[in-house]
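A quick note: this is a predicted structure, and the numbers were derived from the prediction, not measured.
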Amino acid sequence: MRFSKFLTASVLALGVATTAQAEDPNKLITILTAAEPQTQLMAMVLTMNAIAAGAEAEMLLCGPAGDIALKDAPASATAGQAPKGASPQGLMKMMMEKQNLKVQVCAIYLPGKEADASVLVEGVTAAAPDAMGAAIVAPGTSVMSF
């Protein structure tokens, strides 16, 4: 009898925990540093699909991948790729507009380019290291890095 009550209580507790987790959205931070256009596009595609599956996402672009966020981005960021003709920058902009994707460049990206925020696509900002660090370790957050 005791075991049965324990088992029932355990199952109920598990159900409550699962329900609570289901109510909290999954959070995804995509960190993209890769220079290769195919890798950049795949990071965008996977982020887009995670959002479609219910995740709240944000993206951090560093190093060569930061160039995706430039108004005057290189052709590698804007050229369409097979199979659907999407580009890393085009998909990033679409997610920002339609899915509220928050996109930031690393805090040292603009100083490294000797530029200011005026060179960035509208809506992209420089990340604050303390805020990004806290977001990375926040409960319920997954980090995907390319």
Report whether [X] and [Y] are members of the same hydrophobic cluster (ILVMFWY, side-chain heavy atoms less than 4.5 Å apart, transitive linking).
X: Ile31; Y: Val105; answer: no
X: Val103; Y: Ile51; answer: yes
X: Met96; Y: Leu41; answer: yes
X: Met94; Y: Leu32; answer: yes

How close do [X] and [Y] get, counting heavy atoms only, and between which atoms?
X: Leu61; Y: Ala69; result: CD1-CB, 3.9 Å
X: Ala57; Y: Leu101; result: O-CD1, 3.4 Å
X: Ala55; Y: Leu28; result: CB-CB, 4.4 Å
X: Ala79; Y: Pro88; result: O-CD, 4.4 Å

Tell me whether [X] at atom [atom1] has more than 12 heavy atoms from other residues, nucleotides or ligands lying less than 6.0 Å away.
X: Ile136; atom1: CD1; result: yes
X: Gln38; atom1: CD; result: no
X: Asn49; atom1: CG; result: yes

Measuring from [X]:[atom1] to [Y]:[atom2], what's the distance to the nearest 0.5 Å?
X: Thr30; Y: Glu58; atom1: OG1; atom2: CD; answer: 9.0 Å
X: Ser142; Y: Ile29; atom1: OG; atom2: CD1; answer: 9.5 Å
X: Met42; Y: Met144; atom1: CE; atom2: CE; answer: 8.5 Å
X: Gln104; Y: Met59; atom1: CD; atom2: CE; answer: 11.5 Å
X: Met95; Y: Met92; atom1: CE; atom2: CE; answer: 8.5 Å
X: Gln99; Y: Thr47; atom1: CD; atom2: OG1; answer: 10.0 Å

Tell me if a side-chain donor or acceptor on [X] pairs with a main-chain N or O of [Y] at a distance below 3.5 Å.
X: Gln40; Y: Ile68; result: no
X: Thr141; Y: Val137; result: no
X: Thr33; Y: Phe146; result: yes
X: Gln81; Y: Pro37; result: yes
X: Tyr109; Y: Ala65; result: no

Identify, with sequence neighbours excluded, every residue that meets salt bridge (Lys or Arg N to Asp or Glu O under 4.0 Å) alongside Lys71. none

Can you list, pair by pair, the side-chain donor-acceptor contacts under 3.5 Å of residues 116-134, counting residues two or more places apart and other chains?
from: Asp116; atom 1: OD1; to: Ser118; atom 2: N; distance (Å): 2.9
from: Asp116; atom 1: OD1; to: Ser118; atom 2: OG; distance (Å): 2.4

